[in-house]
Protein chains: 2
Amino acid sequence: MSVALAADQRLPIYQRLKDALVERITVGEWRAGDLLPAETQLAADYQVALGTVRKALEGLVGDGVLERQQGRGTYVRRPDFGNALFRFFRLTDAAGTVVQPQARILDRWVAPAAGLAPRLEIAADAAVLHLFRERTVNAVPILVEEIAVAADRFLPLIELPADAFGDLLYPLYDQRCGQTVVRARETIRFGHATPRIATALGCTDSTPLAIIERTAFGRDGGVLEWRRSFGPADQFNYTIDLK
Amino acid sequence: MSVALAADQRLPIYQRLKDALVERITVGEWRAGDLLPAETQLAADYQVALGTVRKALEGLVGDGVLERQQGRGTYVRRPDFGNALFRFFRLTDAAGTVVQPQARILDRWVAPAAGLAPRLEIAADAAVLHLFRERTVNAVPILVEEIAVAADRFLPLIELPADAFGDLLYPLYDQRCGQTVVRARETIRFGHATPRIATALGCTDSTPLAIIERTAFGRDGGVLEWRRSFGPADQFNYTIDLK
DNA sequence: ATCCTCTAATCCTCTAGAGGAGTGGAGGGG
DNA sequence: CCCCTCCACTCCTCTAGAGGATTAGAGGAT
């Protein structure tokens with residue numbers, strides 16, 4: 001196979017090659033976990049030197065898009081958002097082992113975006129799928145979440161049985177809807193419960209809460225999901241490394 | 001000048017070169033902001049190919065140790081912890097512009113490490129310099145901090161006049177004591193004020209607080225400083241990008 | 001069935017060098 | 001004095017290729 005590097009001729013070749021490879025991943029030609037052609041093959045395909053291919057591939061490794069392993073090959077990285085959110089709460093049992101929380105969909109509906117339009121970067125009259133979800137450990141609710149996604153991108157989720165959602169949403173987005181979350185931005189603050197949140201959490205309106213707002217972005221940089229999570233502040237515990 | 005790459009012969013040359021360069025920075029031969037020799041010069045000094053030097057230098061750029069600029073040279077990066085902590089609080093005035101908070105030393109004393117020994121990675125009977133510090137905006141206290149450092153590494157600070165500390169400690173550490181903070185780990189949680197904290201913040205004991213514990217590390221990976229900051233929870237507001 | 005050796009494929013390390021592009025200062029013209 | 005051109009120096013891009021390390025699988029020996 002032979003491929004031409006289009007794009008802006010003023011950009012360096014390795015940059016255009018990076019863009020070309022990301023594009024092929026974005027359109028789904030290669031999916032998470034897939035093996036890319038060998039670097040020698042890519043060099044031949046794109047008619048560039050091996051060193052240039054390596055520079056592009058190493059750049060994509062640095063960007064978190066690819067993984068390379070000597071003797072095996074170059075793979076599309078599987079984004080691991082597993083339980084990133086739960087770094088924020090103490091989820092160890094009495095023995096000190098980490099506990100995987102369970103998820104349950106409490107409510108689900110579709111409505112116009114309205115006030116959520118700017119957060120999801122869609123039109124105000126576009127349909128939005130809302131999920132109201134609780135997360136429990138040993139049947140004790142520790143977090144409730146309001147989740148909003150553009151309905152047209154997540155059509156399969158509207159009809160999916162509530163008990164088929166599983167504990168993690170991002171693998172579901174990936175498998176059922178072809179939408180891969182690669183980046184997210186979170187804002188943390190402290191506040192108080194609304195009656196609805198208090199009921200779901202089994203606490204009072206005056207209980208202090210940690211509130212986490214998350215915007216999740218897809219491979220193309222667009223917003224995939226917006227969610228707001230509420231949990232008891234006294235269980236909040238978050239560690240981060242700076243620089 | 002000609003230099004030999006000692007270290008474990010089994011490691012790749014570029015890795016040993018990285019180690020050698022970091023070592024020369026650690027011992028103070030090059031300080032923050034200093035210009036390194038040109039890559040051609042380094043290649044001649046260490047008797048390796050230019051590409052190998054570049055791989056080492058690019059690695060150190062990735063590690064945040066160096067900065068390179070085409071046409072200028074390679075420089076030791078100036079760590080910019082400026083007001084990293086203040087990402088955690090809303091510090092914009094009514095007009096929306098960012099406000100630089102002022103710092104004031106409220107108290108200072110030296111005592112044996114005791115319970116702080118493990119946090120500072122020093123002996124229990126080693127001397128620790130304690131600082132009790134407030135940070136204000138428009139004379140309103142928004143944060144108080146308990147700071148602890150190993151006294152023997154920060155001798156100049158024991159006698160320094162309290163009004164000579166300035167608003168930022170890390171540049172002071174660097175300039176007065178030759179200790180450079182390059183990395184930090186923070187843990188955020190929710191709690192309530194002790195009487196002493198409440199007095200300093202001008203609030204009551206029951207006021208909800210955001211508590212930030214920070215351990216700051218030096219170039220050699222050792223602990224330089226441990227601090228705990230307290231601020232009103234209702235002003236807490238923190239944004240982070242994930243992966 | 002298990003273990004071993006061999007082999008092909010892959011990425012990693014390292015070398016060598018040509019040409020390009022950005023920076024900053026020296027020197028000259030106005 | 002100011003502006004411009006030129007130039008030395010720097011890092012950046014790209015090429016070309018040799019040899020090594022690691023992996024996974026095929027095939028044979030036990």
Side-chain angles (χ1 to χ4, degrees), chain A residues 1-22 24-25 30 33-78, chain B residues 1-21 25 30 33-78:
Chain A
M1 192 191 68
S2 183
V3 188
L5 281 176
D8 192 333
Q9 295 287 334
R10 294 167 302 181
L11 291 173
I13 297 176
Y14 78 90
Q15 185 61 56
R16 286 185 279 154
L17 179 52
K18 279 180 67 173
D19 293 345
L21 296 175
V22 167
R24 292 174 73 174
I25 293 170
W30 297 313
D34 282 2
L35 174 67
L36 264 65
E39 48 186 20
T40 50
Q41 184 61 50
L42 287 172
D45 288 351
Y46 287 96
Q47 293 287 296
V48 295
L50 214 54
T52 305
V53 173
R54 263 198 290 270
K55 177 146 188 171
L57 293 178
E58 279 162 17
L60 291 174
V61 170
D63 296 344
V65 177
L66 300 179
E67 281 176 336
R68 315 191 73 190
Q69 201 176 344
Q70 190 179 160
R72 286 189 7 108
T74 303
Y75 295 81
V76 180
R77 180 163 167 275
R78 229 177 269 278
Chain B
M1 192 190 69
S2 183
V3 188
L5 281 177
D8 192 334
Q9 296 286 334
R10 294 168 303 183
L11 291 173
I13 298 176
Y14 77 91
Q15 186 61 55
R16 287 185 279 155
L17 181 51
K18 278 180 68 174
D19 293 345
L21 296 175
I25 293 170
W30 297 313
D34 282 1
L35 175 67
L36 263 65
E39 49 186 20
T40 50
Q41 184 61 50
L42 288 172
D45 289 352
Y46 286 97
Q47 294 288 296
V48 296
L50 214 53
T52 305
V53 173
R54 263 198 290 270
K55 179 146 188 172
L57 294 178
E58 279 162 16
L60 291 174
V61 170
D63 296 343
V65 176
L66 300 178
E67 281 175 337
R68 315 192 74 191
Q69 199 176 345
Q70 188 177 166
R72 288 192 1 111
T74 304
Y75 296 82
V76 180
R77 181 161 168 276
R78 228 179 269 280

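Taking 4.0 angstrom as the limit, B:Lys55 places none of its side-chain polar atoms (N or O) nearer than this to OP1 or OP2 of C:dC14. One finds a side-chain N or O of B:Gln69 lying less than 4.0 angstrom from the OP1 or OP2 phosphate oxygen of C:dT23. Using a 4.0 Å cut-off, some side-chain N or O of A:Tyr14 falls inside it from OP1 or OP2 of D:dT13. Within the 4.0 Å cut-off from OP1 or OP2 of C:dT15, at least one side-chain nitrogen or oxygen of B:Thr52 is found. Close to D:dT10, at under 4.0 Å from its OP1 or OP2, lies no side-chain N or O of B:Arg68.
Between B:Leu50 and B:Thr40 the shortest heavy-atom distance is CD1-CA, 3.6 Å. When every heavy atom of A:Leu42 is checked against every heavy atom of A:Pro37, the shortest pair comes out as CD1-O, 3.8 Å. A:Tyr75 and A:Gly33 make their closest contact through CD2-O, 3.4 Å (heavy atoms, listed as atom of the first residue, atom of the second, distance). Taking every heavy atom of both residues into account, B:Leu17 and B:Thr52 meet most closely at CD2-O, 4.4 Å. Pairing each heavy atom of A:Arg72 with each of A:Leu35, the nearest pair is O-CD1, 4.2 Å.
Between A:Arg16 and B:Leu35, it is B:Leu35 whose nearest contact on DNA chain D lies nearer the 5' terminus. Between A:Ala49 and A:Gln70, the residue anchored nearer the 5' end of DNA chain D, judged by the nucleotide with its closest heavy atom, is A:Ala49. Each of A:Arg72 and A:Arg54 lies near DNA chain C, and the nucleotide nearest A:Arg72 is the one positioned closer to the 5' end.
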Open item on the list: Applying side-chain contact (heavy atoms from CB on, under 4.5 Å) to B:Leu21 and B:Trp30, what does each step give before you reach the verdict?
Closed with: CA-CA 9 Å; B:Leu21 296 175; B:Trp30 297 313; 3.9 Å; yes
TODO: I would like to know whether B:Asp63 and B:Lys18 meet side-chain contact (heavy atoms from CB on, under 4.5 Å); could you show each step before the answer?
DONE: CA-CA 10 Å; B:Asp63 296 343; B:Lys18 278 180 68 174; 3.1 Å; yes
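A:Glu67 places its CD atom 18 Å from the P atom of C:dT10, with the value rounded to the nearest Å. Atoms CD (A:Gln47) and P (D:dC14) sit 15 Å apart, rounded to a whole Å. Summarising the geometry, the separation between CD on B:Glu39 and P on D:dT13 is reported as 11 Å, rounded to the nearest angstrom. We find that CD of B:Glu58 is positioned 9 Å from C1' of D:dC12, with the value rounded to whole Å. The distance from atom OH of B:Tyr46 to atom P of C:dC14 is 15 Å, rounded to the nearest whole Å. Distance B:Lys18 NZ to C:dC14 C1': 16 Å, rounded to the nearest Å. Rounded to an integer number of Å, the gap from CD1 of A:Ile13 to C1' of D:dC12 is 13 Å. Regarding A:Leu50, its CG atom lies at a distance of 16 Å from the P atom of C:dA9, rounded to whole Å.
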TODO: Taking Watson-Crick and G-U wobble pairs with both distances under 3.5 Å, convert DNA chain D into its dot-bracket string, 5' to 3', dots for unpaired and | for cross-strand pairs.
DONE: ||||||||||||||||||||||||||||||
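Sequence neighbours left out, the pairs with a member in residues 33-42 of chain B that pass salt bridge (charged side-chain N to carboxylate O under 4.0 Å, His left out) are B:Glu39-B:Arg54, B:Glu39-B:Arg68.
When heavy atoms are screened at a 4.0 angstrom cut-off, A:Thr74 is found touching the sugar-phosphate backbone but no base atom.
Listed nucleotides: D:dC14, D:dT10, C:dC11. Nearest to the side chain of B:Ala38: D:dT10.
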